[in-house]
Every structure is written in C-alpha cells, then in structure tokens.
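Quick notes on the structure that follows.
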Amino acid sequence: MIGAAAPRQRCPALGLTLALALSGSLLGCATPRDLNRIVVARKARVDSVDPVQAVSLGAIQLLAALGDPLYRLGPDGTLTPVLAAAAPRLSADGLQATVRLREGLRFHDGTPLDAAALVFSLERFMAIGRLSYLLRDRVAALEVIAPLEMRLTLKAPYSPLPELLSSTLLTPVSPTAYRDHADRPLNTRFVGTGPYRLAAFDPQRQRLEPWQDYPGPPPANRGLDLISFSNSTALFGALLSDEVDVLLSSSLESDQQRALHQRAGQGGLKEAVGPALGITYLALRTDQPPLDRPELRRALALSVARRPVNARVSHGLNRPWRSVVPPSIGGSLAGAWPAYDPEQARRLLRQSGYCQGERLQLPLTFRSNSANDRLFALTWQAQIARDLGDCINLETSGVESTTAYRQLGDGAFPMIMLDWKPDFPDADSYLSPLLSCRESEGERCLAGESASGGSFWTRPGLQEQLVRSQEIRGEARTRVLEDIQREAAGGVPVIPIWLEAIRVWGQPRVGGLQFDGTGLLRLARLSTEGR
C-alpha cells in the first residue's frame with residue numbers, strides 16, 4: 001500500500017554533490033522529491049532504449065519495465081505466458097512453433113498488439129538487432145496465420161525455444177511508432193506494452209510513469225527514476241545518504257558490496273539476491289604457444305585456488321565454481337574442471353620442461369575498468385608466486401573492456417579474464433557462446449564463437465554435439481550437455497572461476513525487492529512501505 005507522505009526536500013551530502021554534478025545533477029535540490037516514486041541507481045548509463053540496441057544489463061533492466069515479454073521465467077524455472085495466451089505449440093518434427101497472443105492487448109500509443117505487430121517486431125530485431133543472432137541463427141521464417149497467431153519456422157529443432165521467447169530483448173514494439181524506424185534504431189523513445197511508459201529519457205536518467213491502461217496488475221509505486229552514476233563510490237554514497245531508494249550491485253566494488261551486505265545483516269538496509277547466472281572465467285588462446293599445449297592449460301586449471309582467491313576478491317559473495325554452466329541450469333555438470341592441486345600442476349609443468357631453472361612466462365590480461373578483475377589478477381599472481389614461483393612467472397596487465405572485446409577475435413590475449421551472463425537461462429546459452437565453431441582445422445577453430453571469444457579451441461565432433469543438444473530434450477539432452485562439459489574440461493580452453501549473482505539493496509522502507517528467473521529486478525513490485 002502506497003503511503004501518502006508529503007514530498008520533502010533532501011539535498012546530497014557534500015561528497016555526493018560532486019558525484020551528482022558529474023552525473024548530470026540527477027536529483028538536485030531545487031525540486032522537492034516525491035517520495036512515493038522509487039529512485040533506482042546503477043552504474044552503467046543507457047545509451048538506447050531500443051530493444052535492437054540493448055546489450056547491457058542496465059538497458060535490459062529498463063526494457064523489462066517498459067515492455068512485456070511473451071513469456072516470463074520464474075525463479076524456479078517455470079514458464080508463464082505474459083503476452084502469449086499459452087505455451088508455444090510445436091509441430092511433430094519440431095520445426096514449427098505457433099504462438100497465440102492474448103486478446104485485447106494494446107501498445108502505449110493505442111495500437112493493437114496482434115500477430116502482425118509481433119512479426120514486425122521480431123523481423124525488425126532479426127534485421128538490425130545487435131544480438132540478432134539469437135533469432136536469426138534459428139528462425140527461417142515468421143508468418144501471420146491468424147489475427148492473434150504467429151508461426152515460427154525453425155531452421156532446425158531448438159528445444160530451448162520457449163526460454164528464448166522469454167527474452168526481454170524480444171518484447172514487441174508498436175509498428176505505428178516504429179514505422180519510420182523499421183531499419184534503424186529509435187534510441188530515445190519506447191512504445192511497448194509494459195506496466196510503465198517512458199516519460200523522459202537521458203542516457204543517465206530515465207523517468208517512468210505507470211501506464212494507466214495496463215491490463216495487468218498496476219505497479220506498486222507511483223513511478224520510477226532510473227539513474228546512472230559514473231563510479232562505484234558515488235553509488236555507494238548515494239544509498240548510504242538516502243539519496244536513492246534502491247541500488248543494483250552490478251559493477252559495485254567488492255569492498256562496498258561487503259559493507260552493504262553487512263549493513264543489511266544488521267537491519268540498516270534490505271538485501272535481495274538474484275539467481276547466480278553470471279560466470280567469470282579465464283579464456284586461454286589455445287592455437288598459439290605456449291598455451292597450445294594441453295598439459296600447460298591443465299596445469300593452470302590445477303593452480304587456481306578458487307576459494308581463498310574468491311574470499312579475497314568478493315569476500316565470499318561470489319561462489320567458486322568449476323563448470324561453465326551454473327548449478328541452477330538443467331544439464332550443469334558440477335566439478336567438471338580440475339580442482340586446486342598445485343603438486344599435480346607442478347608435475348605437469350616439470351614434464352613440460354619447466355620448474356628446473358626454466359619458468360613459464362605467461363601474460364594475464366584483466367579488464368582495467370573492473371575492480372574485481374584487477375584484484376583477482378593480483379591475488380592469483382601472488383598465489384602462483386607462492387605455490388609455483390619456480391615454475392610460472394605470471395605477468396598481469398590491464399586493458400579497458402571495450403578494447404578487450406574488440407581485440408578478442410584477433411587473438412590479442414594469451415589469457416584474459418572475462419565474464420558472461422546469457423540472454424536467457426539455458427545450458428546452450430553458456431556452451432554455444434564459448435565453444436561453438438563453424439569452421440575448424442583439427443582442434444583449431446577458424447570461425448565461430450570460440451574464435452571470436454579468444455580461445456580458438458574445438459574438438460572434432462564437438463559442434464555436432466552442440467547442435468544435437470539443441471534438438472533433443474529430457475535425460476538424453478542432459479547426457480549430451482554433460483559430455484560437452486567433460487570435453488571442454490579436458491581441453492581447457494577456458495577456466496571457470498566463480499559464479500556471480502546480482503544483488504540489490506534498498507532502504508528499509510522499500511518493499512518488493514524481488515528478482516525474476518533471468519536475474520532482472522521486478523521494478524513494478526517495488527513499493528514504499530510505511531510512507
């Protein structure tokens with residue numbers, strides 16, 4: 001129940017004033033703040049509100065409030081129709097899927113949501129979406145077969161199709177509003193079907209107002225202000241000084257996350273934790289010396305003391321993990337990669353000619369704009385020096401993340417720290433982006449996700465296993481997924497380090513801190529309890 005407290009004036013503390021000024025004077029002191037609205041802060045700015053441009057968590061989180069998906073995944077993995085009337089109907093051969101929409105739905109501008117509008121939105125995403133491969137690689141054709149029914153013809157059976165259709169990126173947009181932007185993004189405006197409409201857009205601030213004609217449950221608040229801060233310290237200070245109601249942990253430095261976690265434990269804040277879907281890993285370039293030797297890659301996997309390193313880096317907030325698929329995802333194989341065993345690592349290194357006056361010279365690149373990456377690199381470097389200092393000389397260096405992503409496919413990094421969070425939770429969303437390969441030569445991937453991701457590794461028959469895992473279901477699929485993970489663990493093109501779950505902290509008065517099954521905060525559930 002929303003309270004009726006009168007708006008009151010709040011001004012930032014001195015340190016925060018500068019931060020707010022740098023981020024565009026987002027709250028300011030001139031205008032009294034409506035405390036029945038919720039201010040949600042995160043680090044990343046949002047440069048576009050168009051689903052075809054969205055790739056960052058901040059942009060997708062915003063879209064989740066403005067547009068509804070066809071289906072929604074719950075925390076327990078159950079799929080609930082939202083815009084769709086029921087689960088997709090599959091043909092016997094698995095090559096066609098029919099989606100029926102609910103009756104009477106409309107976009108924010110009054111345009112009816114029908115099958116033609118849905119086909120328009122999905123075809124637009126396939127044509128110009130930055131993540132268009134999600135559909136384009138799997139869908140051969142889209143067609144309207146009835147006013148409220150759309151048929152997808154697939155290139156091959158794809159068992160995670162319902163989960164794919166739950167992606168926020170596929171939220172429909174009004175064909176009326178986007179008529180002149182069918183082939184180009186509309187970055188500053190959004191017209192969809194969600195519980196909020198976009199009232200104002202700036203890369204650092206978005207104002208969302210409840211849509212009065214929303215056919216579902218109305219938002220539990222009077223509106224949202226989503227703001228971005230340029231650095232972690234400003235975010236941290238904004239929550240502690242009560243200038244923001246809710247703070248998302250993405251990119252917040254680990255010391256500050258620990259402080260907020262402790263404060264929540266003492267009752268000074270509320271805390272909620274989303275599903276652990278983000279995986280942090282090392283990508284090893286396997287087609288060039290020295291890491292073209294499998295025994296050296298395995299020695300590195302054996303050298304990582306995940307638990308103490310993670311305790312130092314994240315203070316235990318992350319979960320050490322030795323697979324590339326999280327445990328909450330069907331088909332995950334826990335403990336697939338080697339556990340910490342420095343003596344076994346030493347034996348492998350000695351067999352390769354090291355540790356006897358010769359040290360393996362190995363560069364490790366970390367993303368310089370990630371505090372956790374830098375801290376992991378330095379911590380692991382110290383651990384290697386302690387355990388295997390006569391065998392390995394680990395040299396660390398940082399590079400800004402956008403530069404790192406741009407140079408990955410060029411093979412610029414013998415070993416680099418990266419992370420991955422999929423667009424929808426399914427084992428294929430982890431395995432294919434790390435391992436798929438369209439063109440190969442022996443165990444060297446020449447073209448495909450493995451090459452563009454920097455490892456350039458494959459195995460004969462592995463791509464066929466990936467394709468098969470996408471076409472089957474049940475126990476048979478689980479066995480194939482586990483075999484793929486065993487293959488990858490044996491080849492060690494990547495070394496998984498830990499799982500990360502996004503956290504959110506709110507003022508004690510804020511209610512409804514809940515994540516959905518894809519790790520997005522349910523913004524419409526936020527309320528201002530006790531006001």
Side chains of Leu466 and Gln463 in contact at under 4.5 Å (non-hydrogen atoms):
yes

Check this for me: does any side-chain nitrogen of one of Arg374 and Glu253 sit under 4.0 Å from a carboxylate oxygen of the other?
no

Taking Asp516 for its side chain and Gly519 for its backbone only, find out whether a donor-acceptor pair lies under 3.5 Å.
yes

More than 12 heavy atoms of other residues, nucleotides or ligands under 6.0 Å from CZ of Arg312: yes or no?
no

Between the side chain of Thr396 and the main-chain N/O of Leu364, is any donor-acceptor distance below 3.5 Å?
no

Looking at CD1 of Ile495 and CG of Leu284, how far apart are the two atoms once the value is rounded to the nearest 0.5 Å?
4.5 Å

Do Leu523 and Val40 touch side chain to side chain, with heavy atoms closer than 4.5 Å?
yes

Would you compute the distance between atom OG of Ser432 and atom OH of Tyr133 and round it to the nearest 0.5 angstrom?
10.0 Å

Counting N and O atoms only, with roles assigned by atom type, does the side chain of Arg138 sit under 3.5 Å from a partner on the main chain of Leu134, one being a donor and the other an acceptor?
yes

Residues in ring-ring contact (aromatic ring centres under 6.0 Å, His included) contact with Trp380, at least two apart in sequence or another chain
Phe376

Looking at Arg438 and Asp137, is any side-chain nitrogen of the basic one under 4.0 Å from a carboxylate oxygen of the acidic one?
no

According to the side-chain hydrogen bond (donor to acceptor under 3.5 Å, both in side chains) rule, which pairs have a member within residues 192-201, sequence neighbours left out?
Tyr196-Asn221

Residue pairs involving residues 296-310 (criterion side-chain hydrogen bond (donor to acceptor under 3.5 Å, both in side chains); sequence neighbours excluded)
Asn310-Ser314

With no hydrogens and no angle check, do the side chains of Tyr340 and Arg322 hold a donor and an acceptor under 3.5 Å apart?
no

Output every pair passing side-chain hydrogen bond (donor to acceptor under 3.5 Å, both in side chains) with a member in residues 494-507, not counting sequence neighbours, ordered by first then second residue.
Asp242-Gln507, Glu271-Arg503, Glu271-Trp505, Thr280-Trp498

Those residues at least two apart in sequence (or on a different chain) that pass ring-ring contact (aromatic ring centres under 6.0 Å, His included) with His261 are none

Give a yes or no answer on whether the side chain of Gln206 reaches the backbone of Asp202 with a donor-acceptor pair at less than 3.5 Å.
yes

Sub-3.5 Å donor-acceptor pair from the side chain of Thr286 to the main-chain atoms of Ser455, do we have one?
yes

Just by distance, do the side chain of Lys155 and the backbone of Arg136 share a donor-acceptor pair under 3.5 Å?
yes

Exactly one of Arg184, Arg130, Arg124 clears salt bridge (Lys or Arg N to Asp or Glu O under 4.0 Å) with Asp50, and that residue is Arg124

Can you tell me how far CD1 of Ile497 sits from CG of Asn372, rounded to the nearest 0.5 angstrom?
12.5 Å

Taking C-beta and beyond as the side chain, do Arg522 and Arg72 meet within less than 4.5 Å on heavy atoms?
yes

When you measure from the side chain of Asp287 to the backbone of Phe456, do you find a donor-acceptor pair of N or O atoms at a distance under 3.5 Å?
no

Between Ser166 and Tyr71, is there a donor-acceptor pair closer than 3.5 Å when you use the side chain of the first and the backbone of the second?
no

Inter-residue atom distance Leu282.CG - Leu300.CG, 0.5 Å rounding:
8.5 Å

Run the numbers on Phe366 and Leu375 for side chain to side chain contact (heavy atoms under 4.5 Å, CB included), then give the verdict.
CA-CA 9 Å; Phe366 60 87; Leu375 188 53; over 6 Å; no

Residues Ser323, Gln485; criterion side-chain hydrogen bond (donor to acceptor under 3.5 Å, both in side chains); working and verdict:
CA-CA 7 Å; Ser323 183; Gln485 289 164 83; 2.9 Å; yes

I want to check something: taking the side chain as every heavy atom from C-beta on, are Pro326 and Tyr430 in contact at a cut-off of under 4.5 Å?
yes

Would you sort out whether Glu400 and Thr402 count as a side-chain hydrogen bond (donor to acceptor under 3.5 Å, both in side chains), showing the intermediate values?
CA-CA 6 Å; Glu400 203 274 332; Thr402 55; 2.2 Å; yes

Less than 6.0 angstrom from the centroid, inside 45 degrees of the normal: does Arg285 satisfy that with respect to the ring of Phe413?
no

Do Leu462 and Trp457 have side-chain heavy atoms sitting under 4.5 Å apart?
yes

Note: Arg45-Asp47 ion pair, threshold 4.0 Å (strictly below)
yes

Do the side chains of Thr458 and Leu435 get nearer than 4.5 Å, heavy atoms only?
no

Is the backbone of Val324 close enough, under 3.5 Å, to the side chain of Trp337 for a donor and an acceptor to pair up by distance?
no

Enter the distance from Leu122:CG to Leu152:CG here, rounded to the nearest 0.5 Å.
7.0 Å

May I have the list of side-chain donor-acceptor pairs in residues 56-68 shorter than 3.5 Å, sequence neighbours left out?
unit_1	atom_1	unit_2	atom_2	d
Ser56	OG	Ala59	N	3.2
Gln61	OE1	Leu521	N	3.0
Gln61	NE2	Leu521	O	2.8
Asp68	OD1	Tyr214	OH	3.2
Asp68	OD2	Tyr214	OH	2.9

Ile329 side chain reached by Pro425 side chain, heavy atoms, under 4.5 Å
yes

Can you tell me how far apart CZ (Phe107) and CZ (Phe190) are? Round to the nearest 0.5 Å.
8.5 Å

